[in-house]
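Scroll down for the structure; my scribbles are underneath it.
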Amino acid sequence: PATQIWRTLPDMAIPRAALGVGVIEGKVVAVGGRRSDGDISTCEVFDPSANRWSTLPSDLPAPRLGLAIATLPNEESG
């Protein structure tokens with residue numbers, strides 16, 4: 001934001017639409033969504049310091065799309 005310059009970042013492992021997105025500890029978390037072949041339950045995280053996406057080890061219990069995501073501060077660290 002300070003430079004007002006946009007740049008291309010790496011693609012997600014699983015392209016998706018209608019996903020939920022949140023930020024946790026400076027990392028972008030992408031949850032569920034829809035692909036051309038149906039709804040998905042996978043979750044990925046983007047780490048800006050490593051400039052890469054990783055697939056999280058656990059999926060949602062069921063495929064979901066059109067999610068609303070909220071992140072809350074960790075009361076123990078605060």
So do Val21 and Val29 actually touch side chain to side chain, heavy atoms under 4.5 Å?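 In short, these two side chains do not touch, never coming nearer than 4.5 Å.
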
With side chains defined as the heavy atoms from C-beta onward, is the minimum distance between Val45 and Asp47 less than 4.5 Å?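 Of all side-chain heavy-atom pairs linking Asp47 with Val45, none is under 4.5 Å.
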
Side-chain polar contacts of residues 50-59 - donor-acceptor pairs under 3.5 angstrom, sequence neighbours left out - could you list them?
| unit_1 | atom_1 | unit_2 | atom_2 | d |
| --- | --- | --- | --- | --- |
| Arg52 | NH1 | Ser54 | OG | 3.0 |
| Trp53 | NE1 | Pro10 | O | 3.1 |

Could you note down all residue pairs passing side chain to side chain donor-acceptor pair (under 3.5 Å) where residues 13-24 supplies at least one of them, sequence neighbours left out?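 Counting only pairs at least two positions apart or across chains, the side chain to side chain donor-acceptor pair (under 3.5 Å) contacts touching residues 13-24 are Arg16-Thr42, Arg16-Glu44.
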
Can you list everything that forms a side chain to side chain contact (heavy atoms under 4.5 Å, CB included) with [X]? Sequence neighbours excluded, please.
X     : result
Arg35 : Ile14, Pro15, Asp37, Ile40
Leu65 : Ala18, Arg34, Asp39
Ala62 : Arg64

Single-linkage hydrophobic cluster, 4.5 Å side-chain cutoff, Leu9 and Leu19 together: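 As far as the 4.5 Å side-chain criterion goes, Leu19 and Leu9 are connected within one cluster.
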
Can you get from Leu60 to Ile69 by hopping between Ile, Leu, Val, Met, Phe, Trp and Tyr side chains that sit under 4.5 Å apart?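 Yes.
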
Residue list, side chain to side chain donor-acceptor pair (under 3.5 Å) with Ser36, at least two apart or on another chain: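 Listed in chain order: nothing, the list is empty.
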
